[in-house]
Each structure stands twice: as structure tokens, then as C-alpha cells.
Amino acid sequence: VKNLTGTGNTAIGGASLALNTVGGENTSVGYTSMNNNTSGNENVAVGKDALYGNTSGDNNVAIGRGTLYAMTTDSNSVAVGHRAGLNNTKGSNLFIGAYAGYNNTTGAENEFVGYKAGFGNQIGNYNEIFGYNSFFKNVSGASNAMFGRYTGYENTTGSDNCFFGDASGWKNTSGSRNAFYGKASGANNTTGEENTMVGWETGKLTKTGSRNVYMGYRAGEQGDDASENTIMGYWSGHLNKADHNTFVGYQAGYENTTG
């Protein structure tokens with residue numbers, strides 16, 4: 001241990017806080033936890049390799065093996081769960097769950113909660129993701145809010161989306177400014193933008209259609225590439241694949257396809 005003037009530190013485990021010189025008020029528990037810390041203060045690291053690379057970052061909390069492993073100088077991140085935030089280097093992130101935020105590198109001010117939530121995110125910022133495997137493939141998408149299992153699973157660059165409900169927006173890749181509320185709503189959307197879909201499986205098969213408003217149980221479910229429709233009501237516009245329609249009411253326009 002190279003500690004010179006650092007005070008109030010607790011180090012338990014082989015090579016824990018091994019290089020610390022002036023950092024103070026740190027708690028490091030686990031083999032090689034906070035191994036490279038020199039001047040970082042008020043950090044908590046529990047688990048093998050937790051906060052391993054931190055040198056001068058302050059106020060970080062890493063609980064679990066390999067959590068925040070790559071953090072060096074940034075501060076105010078929290079990671080709880082096996083290898084959560086392993087590759088993260090930026091501060092002000094929250095990762096809770098095994099492998100949550102695993103590949104995040106420079107993305108900042110994200111909240112990933114759930115097993116492998118935000119697993120693939122690298123540089124996306126300002127995302128709030130809650131759910132098992134949600135936002136799994138994201139790379140640079142920013143300012144998204146997703147709640148539920150597999151929400152936005154295949155999103156890579158899509159931004160400013162709100163997906164609420166299991167599997168909502170599942171296949172969205174680059175579509176942005178969409179609001180999907182309900183289980184499997186907009187599940188197959190890939191590049192469609194500025195859609196609002198509210199209800200169980202509303203617009204479920206829409207892929208590239210944009211600027212649609214679907215509200216009601218399975219409303220506009222078969223939408224595919226249909227755009228600029230307003231469809232409201234139980235099963236309304238269910239088979240519609242055409243553009244610029246307005247269907248309001250129980251099963252209104254149910255069998256319309258190309259009109």
C-alpha cells in the first residue's frame with residue numbers, strides 16, 4: 001500500500017486501494033477493488049475488481065464484481081450488479097442489474113435498471129431505461145424513456161422515444177419521437193417516426209409508417225408502412241395499410257386495407 005496522506009480509508013482484500021496516495025474517505029472491499037486509485041475521494045467499491053481503474057474520480061458507488069471497472073477520473077456514478085457498467089468511463093450514470101450498461105463508454109446521465117438494461121449502449125446520453133433486456137442494442141440513441149421487458153430492444157440510434165409496456169417498440173432501430181403505450185404497441189416499428197400508439201398491440205405490425213395516431217385495443221395493428229392516419233377505437237382500422245384515413249369507433253374501418 002502506497003498511502004501517504006489519505007485519511008479515513010477502509011481497504012479489505014488483496015491489492016485493494018493498493019496505489020492510493022492522497023485519496024480519502026474511500027471504502028474498498030474485495031480483491032483488487034479500487035486497485036489504481038490515487039486521489040479519488042469518498043468512493044465505495046465492493047466486489048472483486050470493482051472500480052478497478054479509478055484514479056481520481058469521486059463519489060462513485062460500485063457494488064458487484066467488475067462494476068465500473070473502466071472508470072478513471074469521472075465522478076458520481078452508481079453501479080450495482082454483476083459487471084454493471086463494466087466499460088463505463090463517464091460520470092453521473094446509474095446502472096442497476098447484472099450487466100446493466102455493460103458496454104457504456106462515454107454515454108452520460110443515463111439510468112439503466114434491470115438485467116442487461118442498456119447493455120449495448122456506448123455513447124447515448126440522457127436515457128431512462130427500466131426493464132429486463134430493455135434498450136439492449138442501443139449504441140447512440142439519446143433522450144429515450146422505456147419501461148418494460150424488451151422495450152426498445154433493437155433500438156440503436158433512435159432518440160426521443162417513450163415506450164411503456166412489455167415489448168413495446170421492440171424492433172425500433174432508428175425511429176425517433178415515437179410514443180408507444182401498451183404491451184407490444186409499435187413492437188415491429190423500425191424506422192417510423194412521430195407515431196403515437198396507445199393500447200394493447202396497437203400498431204403492432206407497423207414498420208416504417210410515420211405520423212400515425214392509434215388508440216384502442218389492436219387499433220391499426222396491421223399498419224405496416226401506413227402513414228398519417230388517425231385511428232381510435234377497439235379493433236378500429238385493424239387491417240388498414242393505407243394513408244390519410246380517419247377511423248373513430250368500435251371496429252371502424254376494420255377491413256379497410258388500401259382505401
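From a predicted model like this one, the values you see are computed outputs, not experimental measurements. Residues: numbered from 1 along the sequence shown.
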Is there a continuous path of hydrophobic side-chain contacts, each under 4.5 Å between heavy atoms, that joins [X] to [Y]?
{"X": "Y214", "Y": "F247", "answer": "yes"}
{"X": "V113", "Y": "F164", "answer": "yes"}
{"X": "I129", "Y": "V80", "answer": "no"}
{"X": "Y217", "Y": "L205", "answer": "no"}
{"X": "Y69", "Y": "F119", "answer": "yes"}

Indicate the atoms forming the closest heavy-atom contact of [X] with [Y], along with that distance.
{"X": "N161", "Y": "N144", "answer": "N-OD1, 2.9 Å"}
{"X": "F135", "Y": "G141", "answer": "CZ-O, 4.0 Å"}
{"X": "L51", "Y": "V44", "answer": "CD1-O, 4.0 Å"}

Run through Y153, Y115, Y102 and flag the one making a ring pair (Phe, Tyr, Trp, His ring centres under 6.0 Å) with F136. Y153

Checking side-chain contact (heavy atoms from CB on, under 4.5 Å) against N54, which of N43, T72, N36 comes through? N43

OH (Y31) with more than 12 external heavy atoms under 6.0 Å: no

Residues, nucleotides or ligands: over 12 heavy atoms within 6.0 Å of K90 NZ: no

Are E194 and R177 ion-paired here, with the side-chain N under 4.0 Å from a carboxylate O? yes

Do Y150 and Y132 make the cut of ring centroids closer than 6.0 angstrom? yes

Answer yes if the ring centres of Y250 and W235 are under 6.0 angstrom apart, and no otherwise. no

In the structure I gave you, are the side-chain heavy atoms of R218 and K204 within less than 4.5 Å of one another anywhere? no

Is there a donor-acceptor pair under 3.5 Å between the side chain of [X] and the backbone N or O of [Y]?
{"X": "S227", "Y": "S210", "answer": "yes"}
{"X": "T73", "Y": "S56", "answer": "no"}
{"X": "S33", "Y": "V46", "answer": "no"}
{"X": "N93", "Y": "G107", "answer": "yes"}

Using the side-chain hydrogen bond (donor to acceptor under 3.5 Å, both in side chains) definition, which of the options N189, N195, T206 pairs with N212? N195

Under 6.0 Å from the ring centre and within 45 degrees of the ring axis: does the NZ or CZ of K116 meet both conditions for the six-membered ring of Y99? yes

From N20 CG over to T38 OG1, what is the distance, rounded to the nearest 0.5 angstrom? 7.0 Å

